[in-house]
Amino acid sequence: MSRWNNTNNVPDVILMGLTDAEEIQLVLFMLFVLIYLITVLGNVGMVLLICLDSQLHTLMYFFLTQLSFLDLSYSTVITPKTLANLLTSTKNISFMGCFAQMYFFVLLGAAECFLLSSMAHDRYVAICRPLHYPVIMSPRFCRALLFGSYLIGFMDSSVNLLCMSRLHFCDSNVIHHFFCDTSPVLALSCTDIYDTEIMIFIFAGCTLMVSLITISLSYVSILSTILKINSTSGKQKAFSTCASHLLGVTIFYGTMIFTYLKPNESYSLGKDQVASVFYTIVIPMQNPLIYSLRNKEVKNALTRVIQKREGSRQLK
């Protein structure tokens with residue numbers, strides 16, 4: 001049995017995708033194109049709206065801008081290649097391209113985990129310690145949180161790539177997935193992957209659980225503070241400021257934990273692919289919708305921007 005790794009002359013990797021049925025592939029292609037267009041327009045629109053409206057130049061919307069950038073980026077890492085594979089009979093991706101896709105997906109996904117925890121901490125300080133908010137959530141501290149999110153993502157993806165590059169891969173170059181995720185690529189190895197799996201699981205588990213614990217503790221404190229508010233309107237106003245973020249976090253972490261933090265014995269190709277479609281393609285579309293449709297400030301900002309542009313046209 002011949003062996004190959006990233007240092008040798010290796011064959012292309014074949015991504016089997018979601019289905020072999022041409023009719024279903026066409027339906028999925030049209031659906032994913034629609035979702036991707038909404039993702040691009042929604043996230044780019046959110047960034048532009050925040051830049052154009054001065055009233056949204058706050059720390060919460062600074063983080064939301066970065067979330068839109070991350071969603072758009074990691075959706076773009078996966079979706080265009082998936083769309084191309086749905087239309088063509090050749091579903092090849094180069095070995096280096098496969099590792100690059102996996103590297104950037106892990107980097108952006110891990111960075112989003114800690115960005116979401118930073119957003120939760122921002123809401124905690126705003127609701128539980130409002131008088132100290134300008135001091136605690138200083139622009140310098142927020143930039144440090146953002147840098148830390150990307151640094152952790154870089155560390156996770158680098159460890160993942162380093163561990164995978166030490167493996168040897170056998171004659172089979174078929175990945176039973178629609179993108180180069182860690183588990184399907186590991187399945188191609190003909191060497192012992194136990195130590196690699198443990199190392200990747202530790203880093204992935206720490207990333208997910210540390211960020212999730214941070215978010216959970218923040219929202220427990222927020223809920224405790226909200227319940228102490230006497231007026232009903234005050235409770236509604238406080239909860240509305242974090243409801244959108246809580247909904248986005250629940251969907252994101254629910255699918256990620258279902259996919260990655262479980263034993264190999266419970267692996268199911270069909271169920272895992274559905275979950276993967278959800279967090280790689282659907283969630284990046286949902287986030288701008290969640291943060292816009294459920295946020296009065298964003299709606300009001302959109303109205304102001306439209307009125308401002310109409311007013312400028314009338315002056316011309």
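Taking OG of Ser216 as the start and CG of Leu223 as the end, the distance is 12.0 Å to the nearest 0.5 Å. To the nearest 0.5 Å, atom CG of residue Asp71 and atom CD of residue Gln66 are 11.5 Å apart. Asn160 contributes atom CG, which lies 7.5 Å from atom CG of Leu186 (distance to the nearest 0.5 angstrom). Between Ser157 atom OG and Ile152 atom CD1 the span is 11.5 Å, to the nearest 0.5 Å. For the atom pair CD (Glu112) and OH (Tyr150), the distance works out to 9.5 Å, reported to the nearest 0.5 Å. Note: Arg143 CZ to Leu59 CG = 9.5 Å, rounded to the nearest 0.5 Å.
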Pair Gln25, Val27 - check side chain to side chain contact (heavy atoms under 4.5 Å, CB included), show working.
CA-CA 5 Å; Gln25 286 181 352; Val27 172; over 6 Å; no
Report the C-alpha separation of Val185 and Phe169 in whole Å, then their side-chain angles, then the decisive distance to 0.1 Å, and conclude whether the side chain to side chain contact (heavy atoms under 4.5 Å, CB included) test is met.
CA-CA 9 Å; Val185 174; Phe169 298 90; 4.1 Å; yes
Evaluation steps, side chain to side chain contact (heavy atoms under 4.5 Å, CB included), between Gln55 and Tyr61:
CA-CA 10 Å; Gln55 294 189 31; Tyr61 291 102; over 6 Å; no
Side chain to side chain contact (heavy atoms under 4.5 Å, CB included) between Gln286 and Ile251, worked out
CA-CA 10 Å; Gln286 282 189 333; Ile251 297 172; 3.6 Å; yes
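Side-chain contact of Tyr133 with Asp122: a donor-acceptor pair under 3.5 Å is present, judged by distance alone. Residues Ser276 and Thr280 have side chains that never bring a donor and an acceptor to within less than 3.5 angstrom of each other. Between the side chains of Thr207 and Asp156, a donor-acceptor pair is found at a separation under 3.5 Å.
Ser149 pairs by the side-chain hydrogen bond (donor to acceptor under 3.5 Å, both in side chains) definition with nothing, not counting sequence neighbours. For the side-chain contact (heavy atoms from CB on, under 4.5 Å) test, residues two or more places apart in sequence or in another chain that qualify with Ser117 are Phe114, Ser211, Thr214, Ile215. For Cys113, the disulfide (SG to SG under 2.5 Å) test picks out no residue, with sequence neighbours left out.
Of all heavy-atom pairs between Leu116 and Phe252, the closest is CD1-CD2, 3.6 Å. Residues Asn43 and Pro284 share a closest heavy-atom pair of ND2-O, 3.0 Å. Among all heavy-atom pairs drawn from Cys163 and Thr196, the shortest one is CB-CG2, 3.7 Å. A pairwise comparison of heavy atoms in Ala120 and Ile222 identifies O-CD1, 4.3 Å as the closest pair. Counting all heavy atoms, side chain and backbone alike, Lys91 lies closest to Asn85 at NZ-O, 2.6 Å. Annotation for Leu15 and Phe178: closest pair CD1-O, 3.9 Å, computed over non-hydrogen atoms.
The aromatic ring centroids of Tyr219 and Tyr124 lie 6.0 Å or more from each other.
Connection of Phe147 to Leu70 is not established within any shared hydrophobic cluster, with ILVMFWY side chains joined at heavy-atom distances below 4.5 Å, either directly or through further cluster members. In the hydrophobic clustering of ILVMFWY residues, with side-chain heavy atoms under 4.5 Å counting as a link, Met199 and Ile193 come out apart. Note: the hydrophobic cluster containing Leu86 also contains Ile24 (ILVMFWY, side chain heavy atoms under 4.5 Å, direct or indirect links). Taken together through direct or relayed side-chain contacts under 4.5 Å among Ile, Leu, Val, Met, Phe, Trp and Tyr, Met60 and Val135 form parts of separate hydrophobic clusters. A continuous path of ILVMFWY side-chain contacts below 4.5 Å connects Leu302 to Leu52, so both sit in one hydrophobic cluster.
When hydrophobic side chains of Ile, Leu, Val, Met, Phe, Trp and Tyr are connected at separations under 4.5 Å, Leu48 ends up clustered with Tyr36, Val40, Val44, Leu72.
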Extract all donor-acceptor atom pairs below 3.5 Å that involve side chains of residues 98-111 and protein atoms in other chains or at least two apart in sequence.
| residue | atom | partner | partner atom | Å |
| --- | --- | --- | --- | --- |
| Gln101 | OE1 | Cys180 | N | 2.8 |
| Gln101 | NE2 | Val77 | O | 3.2 |

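Evaluation of the disulfide bond (SG atoms under 2.5 Å apart) test over residues 15-95, restricted to residues two or more places apart or in two chains, returns none.
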